[in-house]
Amino acid sequence: MFERRYFIVAQNFHGTTLLSKLLNDHPEVVSLGDTYPSNRIDQVCGCGRCVSECPFWAAVSDAVDAERYRDHPHLLPDYPRIIGDRVDRVLYNGLGPKVLQRVIPASARAGFARDFEAFEAAVWEHSGRPEATVFVDGVKSISRVYALMASGVRVDGVIHLWRGPGDYIKSTMKQKGRSRRVFLPRMVEYRLFHRLARRAAGHVPYMSLTYEGLTYSPDETLKALFGLVGVEPRSVAELVAEKKEQPWHFMGNASLFHFDGTIRPSRHALTLQERRLARLLGGRYDPKRLHLRSPS
């Protein structure tokens with residue numbers, strides 16, 4: 001079994017899959033990318049097969065009895081039910097683990113903890129990596145991390161990944177469409193998410209890093225991250241040279257199916273109006289101040 005577990009929390013389009021890939025290439029770390037498989041579409045796994053045909057995900061699904069959650073968006077729920085979908089979303093987007101422990105029904109907390117522990121055990125058993133001692137969960141949801149804490153699951157640390165609000169919203173609009181109906185609510189969500197994620201520093205070991213810092217100084221970033229999770233540091237070149245025989249069963253950015261160690265910075269151009277709105281709604285963003293920051 002894994003000896004320690006850490007969680008990457010981030011918004012979409014922040015580089016979570018890249019970060020998971022780099023961590024997973026360490027022989028002592030397993031990380032599966034940035035989300036559970038979808039129940040709504042048959043995604044392509046990092047092994048090259050559809051999830052429905054992937055032996056790894058079939059074994060994990062059986063181990064956690066995932067059929068119970070077929071009506072959920074993903075393999076497992078992000079958090080246990082309190083009242084209902086819309087109300088729960090508001091509660092989980094604003095409450096910390098101590099308050100959640102009081103409002104989540106005891107039976108729901110117990111079931112949620114059992115599901116996660118079964119999932120983690122199945123990942124260790126079927127990943128083909130018996131030497132791995134660390135699991136880095138990249139599902140990204142800070143609400144899920146707080147729900148796990150409230151349910152009594154040990155959290156050894158949180159890795160909080162940031163990306164500039166301008167690059168984030170440009171990537172979002174590239175996929176979701178260019179309109180105010182996309183821009184405005186997504187920027188508000190961005191600000192609220194990062195505010196909630198920063199509070200994790202008051203509960204568990206915490207490190208924030210930025211996508212910009214990762215792209216411009218990857219080896220320095222990895223040294224700090226591997227130090228956080230308690231394994232021997234490796235450079236990007238050393239990780240790529242490992243060339244594991246086992247496939248990486250990840251969900252996320254398909255461009256990383258054949259990662260060669262090249263890490264490219266963002267190159268999104270914003271209009272003056274977009275830059276002003278991104279700063280107004282997303283808040284002031286200083287990647288140097290946020291990168292590799294831990295509470296003193």
Side-chain angles (χ1 to χ4, degrees), residues 4-20 23 31-36 72-82 85-104 108-109 112-113 115-116 119-120 135-165 168-169 172 185-211 214 225 228-229 251-252 281-283 285 290-295:
R4 299 178 300 283
R5 62 175 71 101
Y6 297 82
F7 295 82
I8 301 172
V9 297
Q11 286 267 275
N12 291 328
F13 306 110
H14 272 43
T16 310
T17 313
L18 171 63
L19 180 58
S20 291
L23 292 170
S31 186
L32 298 179
D34 63 11
T35 189
Y36 288 141
H72 287 254
H74 299 107
L75 181 81
L76 291 175
D78 274 348
Y79 39 72
R81 177 184 172 89
I82 301 174
D85 290 345
R86 291 186 179 181
V87 176
D88 285 1
R89 196 174 300 120
V90 172
L91 292 174
Y92 280 108
N93 283 336
L95 301 179
K98 292 182 180 179
V99 178
L100 287 172
Q101 188 175 26
R102 295 197 293 269
V103 300
I104 302 172
R109 284 188 277 116
F112 190 66
D115 283 345
F116 175 78
F119 171 78
E120 185 183 71
F135 179 52
V136 179
D137 186 313
V139 174
K140 300 188 295 192
S141 168
I142 185 61
S143 301
R144 179 167 175 269
V145 175
Y146 285 167
L148 286 167
M149 292 167 132
S151 301
V153 174
R154 189 190 77 252
V155 174
D156 293 304
V158 165
I159 300 165
H160 180 187
L161 178 60
W162 296 74
R163 189 184 183 191
Y168 159 73
I169 197 60
T172 301
R186 291 305 175 101
M187 288 309 307
V188 173
E189 288 174 10
Y190 169 96
R191 187 164 189 166
L192 293 175
F193 175 90
H194 285 296
R195 180 182 297 173
L196 186 64
R198 290 178 80 163
R199 296 179 190 168
H203 303 283
V204 294
Y206 165 97
M207 178 178 288
S208 73
L209 66 144
T210 66
Y211 179 79
L214 175 62
L225 286 173
L228 174 70
V229 303
M251 298 290 104
L281 297 175
Y285 181 73
L290 293 170
H291 191 57
L292 302 182
R293 179 183 176 188
S294 299

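- Scanning for side chain to side chain donor-acceptor pair (under 3.5 Å) contacts around T17 gives D34, with sequence neighbours left out.
- Between F13 and I169, the closest side-chain pair of non-hydrogen atoms is not below 4.5 Å.
- The closest side-chain heavy-atom distance from Y285 to Y190 is below 4.5 Å.
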(request) For the pair V155 and F7, evaluate side chain to side chain contact (heavy atoms under 4.5 Å, CB included) and give the outcome as yes or no after the intermediate values. (result) CA-CA 8 Å; V155 174; F7 295 82; 3.7 Å; yes
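- With rounding to the nearest 0.5 Å, the separation of NE2 in H160 from OG1 in T210 is 11.0 Å.
- In this structure, the separation between NZ on K140 and OG on S20 is 9.5 Å, given to the nearest 0.5 Å.
- Residues M149 and P97 come closest through the heavy atom pair CB-CB, 3.7 Å.
- A pairwise comparison of heavy atoms in M207 and L292 identifies SD-CD2, 4.1 Å as the closest pair.
- Y79 contributes atom OH, which lies 10.0 Å from atom CZ of F112 (distance to the nearest 0.5 angstrom).
- The shortest side-chain heavy-atom distance between Y6 and V158 does not fall under the 4.5 Å cut-off.
- The distance from the OG atom of S31 to the CD1 atom of I159 is 8.0 Å, given to the nearest 0.5 Å.
- Across all non-hydrogen atoms, the minimal contact from T16 to G138 is CG2-O, 3.8 Å.
- Between E120 and R5 there is a side-chain heavy-atom pair separated by less than 4.5 Å.
- Taking 4.5 Å as the limit, every side-chain heavy atom of N93 sits out of range of all side-chain heavy atoms of V90.
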(request) Walk me through it: do F193 and V9 pass the test side chain to side chain contact (heavy atoms under 4.5 Å, CB included)? (result) CA-CA 9 Å; F193 175 90; V9 297; 4.2 Å; yes
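- In terms of heavy atoms, I142 sits closest to A197 at CG1-CA, 3.8 Å.
- S208 places none of its side-chain heavy atoms less than 4.5 Å from the side chain of R198.
- In this model, a donor atom of one side chain and an acceptor atom of the other lie less than 3.5 Å apart for Y36 and R144.
- Aromatic rings from H194 and H14 are positioned such that their centres are separated by under 6.0 Å.
- For the pair F135/R4, no side-chain contact is recorded, criterion being any heavy-atom separation below 4.5 Å from C-beta on.
- Separation of atoms CG (L100) and OH (Y92) is listed at 6.0 Å; rounding is to 0.5 Å.
- The existence of a salt bridge linking R86 and D88 is excluded, since no basic side-chain nitrogen approaches an acidic carboxylate oxygen closer than 4.0 Å.
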(message) side chain to side chain contact (heavy atoms under 4.5 Å, CB included), that's the test. Do V136 and L19 meet it? Break it down for me.
(response) CA-CA 10 Å; V136 179; L19 180 58; over 6 Å; no
(message) Please evaluate residues L209 and L161 with respect to the criterion side chain to side chain contact (heavy atoms under 4.5 Å, CB included), reporting the C-alpha separation (whole Å), side-chain torsions for both, the decisive distance (0.1 Å), and the verdict.
(response) CA-CA 5 Å; L209 66 144; L161 178 60; 3.9 Å; yes
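- Relative to the ring axis of Y211, R163 places its NZ or CZ within 45° and under 6.0 Å from the centre.
- Residues A147 and S151 come closest through the heavy atom pair O-OG, 2.8 Å.
- You'll find the side chain of H291 stays beyond 4.5 Å of the side chain of W162, heavy atoms only.
- Nearest heavy-atom pair across G282 and P165 is CA-CB, 4.4 Å.
- Expressed to the nearest 0.5 Å, how far CG of D78 lies from NE2 of H72 amounts to 10.0 Å.
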